[in-house]
> 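Take a look at this one; I'll ask things after.
Convention: sequence-line order gives letters A, B, ...; per-chain numbering from 1. Everything numeric here is computed off the predicted structure, so don't read it as measured data.
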Number of protein chains: 2
Amino acid sequence: MIEDAVNPPNVTLEEIARAAGVSPSTVSRILNGTARVLPAKQKAVEQAIARFNYRPNVLARSLASGKTDTIGVLTQTVSSPFYAEWLRGIEDGLQEPGFTPLFVSSRWNVKDEVSRMEQFIARRVDGVIMLHSQLDEPSLIGYSRHAPLLVLGRSLQISASLASLALDNLQGARDATRHLLEQGHREIAFIAGPPDHEDAIERLNGYRMALEDAGIGFDVDRVEQGDYLETGGEAAMERLFARGASFSAVFCANDQTAYGARLTLFRRGLRVPEDISLVGFDDLPTSSYMTPPLTTVRQPTYEIGRLAAQGIVQMIRRQPVTLSPVSLTLMTRETTRRIVPSSRPGDSPL
Amino acid sequence: MIEDAVNPPNVTLEEIARAAGVSPSTVSRILNGTARVLPAKQKAVEQAIARFNYRPNVLARSLASGKTDTIGVLTQTVSSPFYAEWLRGIEDGLQEPGFTPLFVSSRWNVKDEVSRMEQFIARRVDGVIMLHSQLDEPSLIGYSRHAPLLVLGRSLQISASLASLALDNLQGARDATRHLLEQGHREIAFIAGPPDHEDAIERLNGYRMALEDAGIGFDVDRVEQGDYLETGGEAAMERLFARGASFSAVFCANDQTAYGARLTLFRRGLRVPEDISLVGFDDLPTSSYMTPPLTTVRQPTYEIGRLAAQGIVQMIRRQPVTLSPVSLTLMTRETTRRIVPSSRPGDSPL
DNA sequence: TTGTAGGCGTTATCAG
DNA sequence: CTGATAACGCCTACAA
């Protein structure tokens, strides 16, 4: 029998108190469970709240209490399929402890990244999670003085208010390359990520290391520059061919790059994996639906997101943070294929 | 020469005023450009702000001013590739007018949707944009009394505080089906979306309508239920075959469904488009990188996001809202192919 | 042009 | 257990 009349939007705690015949502090106590209150008053207040459809003003509450129950989450692009699962993990992980994530994008731009952080501070978030920050360590330490800061995808000197969770990109890239080697490939091309990305560099190093482990020289001629985007992979693959590079497999610094490379192969009438083997990195949700399903290095991003959520909450509560490093695993699917050892070395797909 | 000492986190406007030798209101005025101030004081204040690295407390400001410059954005899943571009469009569109989006997911769950809206109200957002709400119209109208509400992907009775922007799903589906018909296909299967989604129903109707326009009966046997996800498309396609349905083309209610269907075709050794033509809906960013690139109906989601951002700001400013309906366009790529009329009617790919 | 004072809606500290 | 009362940090008349 609750009337759905045109309720004057903003009911305040004080009005509830008056309606219930108690003092504002009592209402506040009931709202927060701060102290025991007589059942009778409790009930009166609850009824008033229901009747007026009262909702505490979060702003006022935060101002008074000094906490906002908000976590700033800085991502490079909210729209990247790569970050999507991370965000979901974070959102889910923050749900139960009662925090709200504030997602913003820096668009791979250091200046934006700074302004977003300033915004977080101005909004008095209780903590910040950064996905792939480009800021230098001193800056990060500076920000961590305002609120606990957790940086994903980097490894930093940690403190009580600064933590990081790194992924073993090097290992992942090494495994992927090794897989190709085990299949008999000797000429493995690599399409790199942005040269200024820490993880892109690690992946390149992993590729290189695996090659050297196998006694195969690292050949610059088989490496092309990509940009982590489909278009970059497409173009890089094109350049590889234009340059007459010889290879039987291509390892791409990330899945999006692999998608682009795949398209170029398709355009040139080359079959995957019959003519060329292809490996990606990230294991985006759609990668297992490519034709054929892409062999790639899986990053458990959703789980990492949850871990991060859990970690930042622990930091806020001044509890010890437990962030064990996450390992990446190769998902062997159908874009790689064993090469017959009899094939003449130096065989070019061209 | 700014010292980066361990600054006591929270400098207040009052401290700035004291340091600059002026009153708090003067500082406030300078901060907001509310009134002219003597150049000398202006400078003194600016210096103090810089020196103390002062950042106004957004909470206090909002509480006092009654506006938060925040827009609640309710999406079904932050992590869906489908919503990604919308979010980006909204974020970009909100940037310039100075609003911050607050992204949350309802996970396709009405209960969550309600609680998110409550949260928005509690946070006193200045406006709300909903992507595909499942709430009924009365509820939406109710919420719109708290703050301007803009619903995307639905068509509603509009008012000064409630607007909607619908997409012509029916038209899009009709065009797609017609395209297939023009290519000579007569047996066109359809993998539908969730039966309780307005747009899924519209797409089914568009398919049906095109068939009837062409004088071809709508055949339930060629329709399978999907769920807008890859796995659903995969399974639906499988069922289509298991049931022995006969078709030369498949139209999927969305791209993710098409991805799944594509995989099933691949598994069965059927070529696209040589054996079966395939059409999707949405034009996700990766669709043009499928093998072969997917023919699909494009929704200009990024642009819609920007439009929505612009629209909600107009509503907040009590300006007339201009939301012209958005049309969808067929992107003819390479998963569809003209069928030779000579092929015996009733030809089954099996 | 500038300062004073009151208020925004809650929480939190103290008596009682 | 409960009610005043003072913050929280800023904005905005109002007055000077």
> Describe the nucleic acid contact of B/Thr26 in one word from base, sugar-phosphate, nothing, applying a heavy-atom distance below 4.0 Å.
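Sugar-phosphate: the residue B/Thr26, judged by heavy atoms under 4.0 Å, touches backbone atoms but no base.
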> Tell me which of B/Gly21 and A/Glu14 sits closer to the 5' end of DNA chain C, going by the nucleotide each one is nearest to.
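The residue mapped nearer the 5' terminus is B/Gly21.
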> Does C/dC8 have OP1 or OP2 under 4.0 Å away from a side-chain N or O of A/Asn57?
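Checking A/Asn57 against C/dC8: no side-chain N or O falls below 4.0 Å of OP1 or OP2.
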> What does B/Leu38 touch in the nucleic acid at a heavy-atom separation under 4.0 angstrom: a base, only the sugar-phosphate, or nothing?
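The residue B/Leu38 makes sugar-phosphate contact but no base contact.
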> Does the base of C/dG9 carry an N or O that pairs as donor and acceptor with the side chain of A/Arg55 under 3.5 Å?
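Not at all, since no donor on one side and acceptor on the other fall under 3.5 Å apart.
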> Provide, to the nearest angstrom, the distance between the CD1 atom belonging to B/Ile30 and the C1' atom belonging to C/dT2.
11 Å
> Just how far, in rounded Å, is P of C/dT1 from CG of B/Asn32?
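Between P of C/dT1 and CG of B/Asn32: 17 Å.
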> Using the rule given for salt bridge (charged side-chain N to carboxylate O under 4.0 Å, His left out), can you reason through A/Asp112 versus A/Arg107, listing the C-alpha separation, both sets of side-chain angles and the distance that settles it, and then say yes or no?
CA-CA 7 Å; A/Asp112 277 1; A/Arg107 313 145 177 222; 3.8 Å; yes
> Run the side-chain contact (heavy atoms from CB on, under 4.5 Å) test against B/Pro194 and tell me which residues pass, sequence neighbours left out.
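B/Asp196, B/His197, B/Ala200, B/Tyr228.
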> Does any donor-acceptor pair link the side chain of B/Ser25 with the base of C/dT4 at a separation under 3.5 Å?
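When only heavy-atom distances are counted, B/Ser25 does reach the base of C/dT4 through a donor-acceptor pair under 3.5 Å.
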> To the nearest Å, how far apart are B/Arg29 CZ and C/dG3 C1'?
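B/Arg29 atom CZ is separated from C/dG3 atom C1' by 7 Å.
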> I need the CZ-C1' distance between A/Arg61 and C/dA12, as an integer number of Å.
14 Å
> Specify whether B/Trp108 and B/His132 have parallel, tilted or perpendicular ring planes, treating 30° as the upper limit for parallel and 60° as the lower limit for perpendicular.
parallel
> If you walk 5' to 3' along DNA chain D, what is the first nucleotide with an atom under 4.0 Å of a heavy atom in chain A, and what is the last?
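Using the under 4.0 Å cut-off, the span is D/dC1 to D/dG9.
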> Base, sugar-phosphate, or nothing for A/Pro56, non-hydrogen atoms under 4.0 angstrom?
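Here A/Pro56 touches the backbone only, sparing every base.
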> Within the 4.0 Å heavy-atom criterion, would you say A/Thr12 contacts the bases, only the backbone, or no part of the nucleic acid?
sugar-phosphate
> Any salt bridge between B/Glu46 and B/Lys43, counting N to O under 4.0 Å?
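Here B/Glu46 does not pair with B/Lys43 in a salt bridge, since their nearest N and O are not under 4.0 Å apart.
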> Between B/Ser105 and B/Thr75 (side chain of the first, backbone of the second, donor and acceptor by atom type, cut-off under 3.5 Å), is there such a pair?
no
> Let me know the distance between CZ of B/Arg18 and P of C/dT4, rounded to the nearest Å.
13 Å
> Round to the nearest Å and state the distance from A/Lys67 atom NZ to C/dG9 atom P.
21 Å
> By nearest heavy atom, map B/Val22 and B/Leu63 onto DNA chain C; which one lands nearer the 5' end?
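So the residue in question is B/Val22.
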> Test B/Arg88 against B/Glu85 for salt bridge (charged side-chain N to carboxylate O under 4.0 Å, His left out), laying out the working first.
CA-CA 5 Å; B/Arg88 196 166 63 85; B/Glu85 287 297 296; 2.9 Å; yes
> Look at B/Lys41 and C/dT1 and indicate whether a side-chain polar atom (N or O) is within less than 4.0 Å of OP1 or OP2.
no
> For a quick check under 3.5 Å, do B/Ser79 and B/Thr77 share a side-chain donor-acceptor pair by atom type?
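Absent: no donor and acceptor within the cut-off.
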